[in-house]
Structure formats: C-alpha cells, structure tokens
Amino acid sequence: MKFDVLIVGAGGAGLYSALSAVQENPDLKIAVLSKVYPTRSHTGAAQGGINAALANVDPTDNEEAHTFDTIKGSDYLADQQAVRFMCYEAPRIIREMEHMGVPFSRLNNGKIAQRPFGGASKDRTCYSADKMGHVMLHTLYEQAIRYGVNFLNEWFMLNIVHNGEQVIGVTALNIATGEVKLIRAKAVILATGGHSRIYWGYTSNALGCTGDGTAAVLRAGLPVKDMEFLQFHPTGLRKSAILVTEGARGEGGYLLNNRGERFMAKYAPSKMELAPRDLVSRSIMTEIREGRGFKDEEGREYVHLDLTHLGAEKIKERLPQIRELTIDFEGVDPIKEPIPIKPTAHYAMGGIDTNLRCETPLKGLYAAGEAQCVSVHGANRLGGNSLLDIVVFGKVAGKEAVRFAETNQFASGGEGKVADDEKFIQTLFDRKGTETLGDLRNELGEIMFRHFGVFKNGAEMEEGYRKLKNLIERAHRNLAVEDKSKVFNTDLVSLLEFYNLLEIADVLAYASLQRKESRGSFTRTDYPKRDDENFLYHSVISKREDGSYDYQKGEVDISLYEPAERKY
Ligand SMILES: Cc1cc2nc3c(=O)[nH]c(=O)nc-3n(C[C@H](O)[C@H](O)[C@H](O)COP(=O)(O)OP(=O)(O)OC[C@H]3O[C@@H](n4cnc5c(N)ncnc54)[C@H](O)[C@@H]3O)c2cc1C
C-alpha cells in the first residue's frame, strides 16, 4: 500500500491525471483509488459535450473568443490567465482524445461535429450524440488499463494524512472487507468530483457526488474556495431532477410558459434559450413565481421544454438518451409532447483551492476536476467547459505530481490515523439510532433548496443556517449504522458520505452569508446587483481546530478583460 502517485477518483479528472502521470514516467508506481467502479463515476452521466475552438462549424471561432465567453460567463470572477490556458489547450486535448479513440459525432466532411451551447458566441461544443461523458470515461479507462495504471476499486477515502508540511497519504476503507488502511504516497491528487448532492432530491448529480475530497480538505485544515457558487441547471426533469442536456436547446428546443410564450425573449432577447445557465434558471423561476408556470397534482411547479418542432429524426439521432430518460422518468415522449422541466442543482464552481499547477498549500497534495477550484468558472460555469476543465487540469495535476514524486521522499508518520478512523466508525456501529439517514438526507435537500436555492436573501439564509446547524447536531447524535456487517456495508458508506455533505453544506451556507451582492449563479434578492468594489474577490475558507472558519479574500486575476456588465 505504497505508491509514488495516488489519485483519488476515477472520473474524467482522475483518469486523465493517471494517464498523463504514467506517460510522463512509466517507472513510477501509480494508482487510482475509487469508491465506485471507475466507469460508474459521474463523468459518465455528462450528456451535451465538451468545448474547444476547433472552428469546424464556424470558421471564425478561435481560442480567444472561447476565453472571453468563459470570462464573461463567469461574471468576471474566473482567473483570466487560467481561463486562457484552458481554452488554448482545448483543441490539442480534443485531438489527443480523438487519437485515443473517443467516438465523437462527425460532420459530413469527417471533422468533429460542434453544436451551439449556452453563453457561447460560436458553435463550439464537440459531442457524441448526447453521451459525451459516457464515451470519454470508457475510453480513458481503457487507456489507463492499457498503460498499466493500478486500480483500487470500491475503496472509500476517509481522510488526508499529513505532517503539517507534506502529505503522507490517505486513510481508506476497503468497502469489500470493512478494513481501514493507511495508503502512503509521495503525491496525492484529489479528483473526487462535485458536491451538488447537498441539494438531495433536487439535483442532477449521481448519488456519489458528496464532496468527500473537499470535506477531507476542510478537516485537514486546508482552504476551499468560492463555495457559495453552486450552479442550477435550467432543465431538470420535473419529478426526478435528472438532467436534460443544454444540447436540447442547442439543437433548437424552446422554453414555454403556461401561455405558450417563449419567455426567454423578455430576459435575453439575443441569446434566447441559449443564454447562460444562471440567467435561464432565474428566468424559469421568475415565470413560476409570477404564476406563468404549470403545477401538477403533487404541487410540483415547472415549465415546458418543447422539442416537438425538431422532428422525430433529429431527436432520435442527436438526443436519443434524453428521449429515453424522458419516456422512462416522466412518461412523456418528446417527439410528441413538451417535456416538464425545472431548475436542478448541478455543478459546484467552488472547491479545493489550488493554483494553476493544481497545487494545494500542502506539499505533495494536488486537486483536479470538479473538486478543484482553480478558478476557471468563477461565479457561473458555461456548459461544455467542465469536461474540458477536468481533462486539461487532470493532465496538469498528473504531470506536476510526477515531478514532485521524482524529487521527494515518502514522508513518515501517520500510523495512528487508522486507529482514529476505526474508532470513529466503531462509534457509528455502537450508537443507537433514533432517526433515519433517509429522512435526514431529505431534510438536508429541503433546507438547501428552500434557503440556498436559485434566489436567496439574508433572512431566509439565516433561518436556513439555523435549521442546518440543528440538523448537523442531530445527525451526529441520532444516526447509526443499522447494518452491522463489515462486508460491503453500503449503509456505513452512505452515512460517511452524509457527514461529508453536512460539512460542505455548512461551509457553503457560511460563505453565502458573507457575500452581499449578486454575481453569476449567486443571486440575492436583498442585494440584486453585482458589487465589484466590495466583492470582486474569491472567498477562501479554512477550518480552525475549534471548528470556526477562517475567511480570507483571494485576489481575482483580471489581467486580460476589464469587468463589464453582462448582456445577452
Ligand atoms: C448529469 C450531468 C451532465 C453533465 N453534462 C456535462 C456536459 O455535457 N459537459 C460538461 O462539460 N460537463 C457536464 N457535466 C459536468 C461534468 O460532467 C462533471 O463536472 C465532471 O464530469 C466531473 O468529473 P470529475 O472527474 O471531477 O468527477 P466525477 O466524474 O464525479 O468522479 C469522481 C470520482 O471520485 C471518486 N470518489 C469520490 N469520493 C471518493 C472517496 N471518498 N473515496 C474514493 N473515491 C471517491 C468517485 O468514485 C469517482 O470515481 C455534467 C454533470 C452532470 C451531473
């Protein structure tokens, strides 16, 4: 259990890190540890596509336009040199993946096809029907196996082990046996994904998107950044919150209210349905709040996403998965009827604070992917930029970790950490449960959606934070592991994930209360304007040993484009 480079997470970010690391130095011992089998990572659920200025459809597109669109989309909170780096790397990394065998959809001339996407000034999103993440994840996994990367599948990372200066490794639970082990590594990359499951029941994310790496970073006393920024995707299915890709609007879908109006004409006359996600989500919620939405028998409010005018052929070719999901989960065939949709918690712009080299302040510890905040998405991510971010920065993290492992020794110590984690787990087995995990998870989702949703205000957030504190206290007193077996105990894993969610929800709520402005995905009705004078900064938060937060203001790199008002 000793590796030169240990990567936690087997989504797009983790696999790309692993591939770049083995290619950089095949003599090193490199392993990927993942709580789910790699191809079940959330990256596999990504639908719409990945951005790169290939200019295959629109010859006037270029990397600089991609850079500007991303910065504007971020509401000027992204670090501009980081964005430029990502956008200029994009065409190269798409070709790399093409050569690995990622099956992109094609134009008639054989070039990679590109579709329009929200907030983009050109048709820039490369796609594979509506299964981009699925084909990327499978290809990257295949390649990682081919290059001899070691896999520890169905291992759950518990904590980061370090000596105050350098990383020692991580503690992890072998889900199959119930044993806790210390896994030593010279360099560790956290590629543990996002945390939108704090909106339990109101999210497009897989069950496993519980921010485990980000919570472990907080417990290790290291900083997280911009946690108040969490994106609502405009189009989740009414009942399940499962995602309907932006590609559905990219292919020409309309958003309609109960009067049959394409209401986006009021909010974004030039971009219409293809305005950025923050704006479209707010517009949908405004229509609903002002009585122009629909309501079903169970009180769920929604609007319509109409694809019927696209015709059966286009829907079957370009959006086959969307059709399948809509039929299975809503009983609606989008060829014949409009799809009932509502905004769904989708993507964490905030996460583990790193620099452009993916380094955290702890030597040997790196982060990549949705878990990381560089920041390239600022206050609002553009669709198609996350699959790009995870591979571009996954690659950087892999190379940097190799360089570190080549020039440093294993740090010693950390032996007692296994016993600490075992003891904690034992208390969960020994405790008598008086409430159930299922109930408390739903309660968390309700609190977050009602008090920290698309629209927020100070009084509602204060009330929500009080409810959250009460929930956290009950969760640590009243929840127990009901299944007492050691082998494949998913009850235990779910509870550990829930404690991580609570850790994340707490810091997100705290960060939200400090920001008295509206920017990108973060909208306060009591402070409706962006306030560059006082709030053009990254919130950088770490946890002190007594549990209180240290709140710092991180500088935003605006060296390329002067912040301006966003109009679409
Ligand atoms: C439904 C949906 C559709 C999307 N569509 C698009 C799109 O079209 N275009 C786009 O650009 N973006 C899209 N996104 C966003 C994008 O897919 C994600 O941000 C991205 O895939 C995250 O990749 P990742 O590698 O960082 O994390 P993930 O793919 O979430 O992987 C996380 C990994 O970490 C592991 N892990 C987590 N915790 C632990 C632990 N405690 N111990 C061990 N392992 C752990 C997991 O097992 C998993 O392997 C979509 C997201 C969703 C939810």
Side-chain angles (χ1 to χ4, degrees), residues 3-26 28 30-32 34 38 41 43 46 49-54 63 66-67 70 79 81-102 104 126 132-133 135-149 185 187-193 213 351-352 354-360 364-377 384-406:
F3 300 96
D4 293 298
V5 178
L6 177 71
I7 296 146
V8 186
L15 293 177
Y16 225 99
S17 303
L19 269 174
S20 88
V22 305
Q23 287 171 353
E24 194 77 2
N25 186 344
L28 293 186
I30 293 161
V32 173
S34 175
S41 303
T43 296
I50 174 168
N51 297 338
L54 300 179
E63 290 87 343
H66 187 184
T67 303
T70 302
D79 287 329
Q81 296 291 349
V83 174
R84 176 176 268 180
F85 171 75
M86 177 178 82
C87 297
Y88 278 76
E89 281 296 303
R92 198 189 343 254
I93 212 153
I94 293 291
R95 287 189 193 105
E96 255 176 51
M97 289 197 288
E98 182 185 29
H99 291 193
M100 285 179 203
V102 172
F104 287 101
C126 311
M132 190 67 238
V135 301
M136 264 173 67
L137 189 65
H138 280 258
T139 309
L140 295 176
Y141 182 48
E142 242 167 55
Q143 295 294 311
I145 300 269
R146 169 184 170 202
Y147 282 97
V149 173
V188 173
I189 302 173
L190 296 174
T192 40
I352 302 164
T354 77
N355 60 18
L356 246 176
R357 297 214 296 269
C358 302
E359 293 166 325
T360 71
L365 185 69
Y366 300 80
E370 191 174 335
Q372 169 201 34
C373 180
V374 168
S375 128
V376 284
H377 308 301
N385 265 354
S386 172
L387 288 179
L388 178 62
D389 159 18
I390 66 176
V391 291
V392 167
F393 288 98
K395 187 171 170 181
V396 172
K399 285 194 193 313
E400 292 293 331
V402 163
R403 205 152 301 144
F404 186 86
E406 285 170 344

Discussion item. Can you classify the ring geometry of Phe393 versus Phe85 as parallel (below 30°), tilted (30 to 60°) or perpendicular (above 60°)?
Written reply: tilted
Worksheet item: Got a second to check how far His138's NE2 is from Thr43's OG1, nearest 0.5 Å?
Response: 11.0 Å
Worksheet entry | Donor + acceptor pair across side chains of Arg146, Gln143 (<3.5 Å) | yes
Worksheet item: Do Thr70 and Cys87 touch side chain to side chain, with heavy atoms closer than 4.5 Å?
Response: yes
Worksheet item: Between atom CD of Gln23 and atom OH of Tyr147, what is the distance when rounded to the nearest 0.5 Å?
Response: 4.5 Å
Practice prompt. Decide, yes or no, whether a salt bridge links Arg403 with Glu400 under the criterion of side-chain N to carboxylate O below 4.0 Å.
Written response: yes
Worksheet item: Can you tell if the side chain of Asn385 reaches within under 4.5 Å of the side chain of Val376, non-hydrogen atoms only?
Response: no
Worksheet item: So Glu89 and Arg92, salt bridge (Lys or Arg N to Asp or Glu O under 4.0 Å) or not? Walk me through it.
Response: CA-CA 6 Å; Glu89 281 296 303; Arg92 198 189 343 254; 2.9 Å; yes
Worksheet entry | pair Tyr16-Met136: side-chain heavy atoms closer than 4.5 Å | no
Worksheet item: Could you go step by step and tell me if Val135 and Phe104 meet the side-chain contact (heavy atoms from CB on, under 4.5 Å) rule?
Response: CA-CA 8 Å; Val135 301; Phe104 287 101; over 6 Å; no
Worksheet item: How many angstroms lie between OH in Tyr366 and CG in Leu190, if you round to the nearest 0.5 Å?
Response: 12.0 Å
Item to complete: With the side chain counted from C-beta on, respond yes when Met86 and Val374 share a heavy-atom pair under 4.5 Å apart, and no when they do not.
Response: no
Worksheet item: Hey, does Tyr141 have a side-chain heavy atom less than 4.5 Å from the side chain of Leu137?
Response: no
Item to complete: Could you tell me whether a side-chain N or O of Thr360 sits under 3.5 Å from a main-chain N or O of Leu365, the two making a donor and an acceptor?
Response: yes
Worksheet item: Is there side-chain contact between Leu19 and Val149, with at least one heavy-atom pair below 4.5 Å?
Response: no
